[in-house]
Amino acid sequence: MIPSHPPASRAPRTFSRRAHARSRLVCFPHAGGSAVGYRGWSLDAPWDVEVRAVQYPGRGDRFGERAATDMDGLVDDLVPGLGAGRTDDLAPCVFFGHSMGAAVAYEAARRLALTGRAPAALVVSGQPAPRRTRGGDLHRASDAELLADLRRLGGTAADVMDNDALLAALLPAIRSDYRVIETYRPSPGALPGVPVTVLYADDDPEVTAEEAAAWREATTGPCEVEVFTGGHFYLESRRTSVLARVFEAVRAALPETATAWPSTP
């Protein structure tokens with residue numbers, strides 16, 4: 001479990017404020033990722049969409065904290081900082097998560113739904129549906145084997161992979177993330193009425209078409225699936241198309257009374 005002493009802030013990080021935001025996109029990083037990975041999304045968002053990014057304990061400005069080792073502990077840590085602390089937090093909120101982040105976003109949404117504060121929509125990427133989770137034991141593997149898997153998937157900057165000292169500092173949090181997703185087992189039930197948009201790449205070894213389509217089982221609301229290409233981190237090679245689709249999902253979550261949106265990047 002995560003230690004009881006509170007961090008400086010559990011609230012999602014915002015890299016580019018939108019004074020007139022009508023909606024918020026809260027992003028959940030992949031295993032080994034951090035909030036700063038969504039800085040570019042924050043800058044490229046339409047003028048009335050504010051992008052925020054969750055910071056998991058054990059990395060970034062929360063590096064000094066112990067990383068979570070199971071899904072319940074991670075969600076326990078994150079939920080108190082979601083949708084709280086600002087007067088504009090009543091604006092529609094959409095959760096986005098890639099890979100492990102998709103499962104974390106889903107579980108956080110489920111936890112918030114219990115108190116009537118579920119997000120307006122959920123966008124998940126590169127991850128099998130909760131009931132199709134694959135599990136695994138790489139979190140118990142050697143450092144070399146763990147690094148080999150990071151290289152296989154891509155998505156980790158070359159300057160990080162080539163820096164032995166930095167990798168040594170980051171590996172404990174990465175290993176904890178692997179443990180979180182490999183030991184994750186969803187509780188029974190589904191999100192009540194929350195629309196889900198599923199994105200994945202048809203050449204991603206981490207999720208099949210069937211596993212992506214099975215997200216329909218995770219909500220009682222509508223579910224749409226869209227296929228890209230580009231491997232597990234297709235978000236980078238197909239950035240423009242992915243952002244357009246994500247912001248389209250955010251647009252769809254606005255109340256019908258909202259005025260027309262500007263074009264997406």
Side-chain angles (χ1 to χ4, degrees), residues 1-2 12 25-35 37-38 53-59 67-79 81-82 93-114 118-119 121-139 149-150 153 155 173-192 194-201 204-221 223 225 232-235 242 246 249:
M1 297 295 289
I2 299 171
L25 177 68
V26 179
C27 300
F28 293 73
H30 60 274
S34 68
Y38 289 100
V54 168
Q55 189 77 290
Y56 302 146
R59 73 281 334 264
T69 55
D70 59 74
M71 185 66 76
D72 285 342
L74 183 54
V75 174
D76 286 346
D77 175 83
L78 298 176
V79 163
L82 296 173
C93 174
V94 174
F95 285 2
F96 171 87
H98 177 66
S99 196
M100 181 188 87
V104 181
Y106 171 73
E107 290 298 333
R110 288 187 64 186
R111 186 78 61 86
L112 290 167
L114 295 176
L122 176 66
V123 183
V124 293
S125 167
Q127 177 68 20
R131 295 182 187 176
R132 305 299 177 93
T133 182
R134 297 182 180 185
D137 57 7
L138 272 171
H139 63 281
D149 196 62
L150 290 177
L153 293 174
I174 294 172
R175 186 178 297 278
S176 293
D177 285 354
Y178 270 65
R179 178 176 174 180
V180 166
I181 193 58
E182 289 182 339
T183 62
Y184 167 55
R185 299 295 181 272
S187 301
L191 274 171
V194 175
V196 176
T197 299
V198 185
L199 313 178
Y200 77 102
D204 180 358
E206 299 302 299
V207 56
T208 66
E210 181 183 1
E211 291 169 335
W215 275 97
R216 293 189 174 94
E217 305 168 357
T219 181
T220 62
C223 182
V225 181
H232 190 57
F233 284 96
Y234 71 95
L235 283 76
V242 169
V246 171

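Since we're looking at a predicted model, the values are computed, not measured.
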query: Should we count CZ of R179 as having more than 12 external heavy atoms under 6.0 Å?
result: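 Counting neighbours around CZ of R179, 12 or fewer heavy atoms of other residues, nucleotides or ligands fall under 6.0 Å, so no.
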
Over all heavy atoms of both residues, which pair between [X] and [Y] is shortest? Give the atoms and the distance, please.
| X | Y | value |
| --- | --- | --- |
| A113 | P192 | CB-CD, 4.1 Å |
| A212 | Y200 | CB-CD2, 3.5 Å |
| G33 | P29 | C-CB, 3.7 Å |
| P12 | G81 | CD-O, 3.1 Å |

Would you say the side-chain atoms of [X] pair up with the backbone N or O of [Y], donor to acceptor, closer than 3.5 Å?
| X | Y | result |
| --- | --- | --- |
| R111 | V79 | no |
| E107 | V104 | no |
| H30 | A102 | no |
| E182 | L138 | yes |
| Y184 | G135 | no |
| D70 | V180 | no |
| R134 | R132 | no |

- request: Please check if the distance between the ring centroids of F96 and F28 is under 6.0 Å.
  value: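 No - the distance between ring centres of F96 and F28 does not fall below the 6.0 Å cut-off.
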
Any chance you could measure [X], atom [atom1], to [Y], atom [atom2], to the nearest 0.5 Å?
| X | Y | atom1 | atom2 | answer |
| --- | --- | --- | --- | --- |
| F233 | E206 | CZ | CD | 9.0 Å |
| R110 | T219 | CZ | OG1 | 10.5 Å |
| R59 | S176 | CZ | OG | 7.5 Å |
| I174 | D149 | CD1 | CG | 10.5 Å |
| D137 | T183 | CG | OG1 | 11.5 Å |

Measuring only between side-chain heavy atoms, which start at C-beta, is [X] closer than 4.5 Å to [Y]?
| X | Y | answer |
| --- | --- | --- |
| P186 | T133 | yes |
| P57 | L74 | yes |
| F95 | V194 | no |
| R185 | M71 | no |
| S99 | H232 | yes |
| V123 | V94 | yes |
| V246 | L199 | yes |
| T220 | L191 | no |

- prompt: Among V124, V196, T197, L122, which one satisfies side chain to side chain contact (heavy atoms under 4.5 Å, CB included) with C223?
  reply: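 Looking at V124, V196, T197, L122, the match for C223 under the side chain to side chain contact (heavy atoms under 4.5 Å, CB included) is V196.
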
message: Under a plain distance cut-off of 3.5 Å, with no hydrogens placed, do Q127 and Y106 share a side-chain donor-acceptor pair?
response: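 There is no such pair between these side chains.
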
query: Stepwise, does the side-chain hydrogen bond (donor to acceptor under 3.5 Å, both in side chains) test hold for Y56 with D77?
result: CA-CA 8 Å; Y56 302 146; D77 175 83; over 6 Å; no

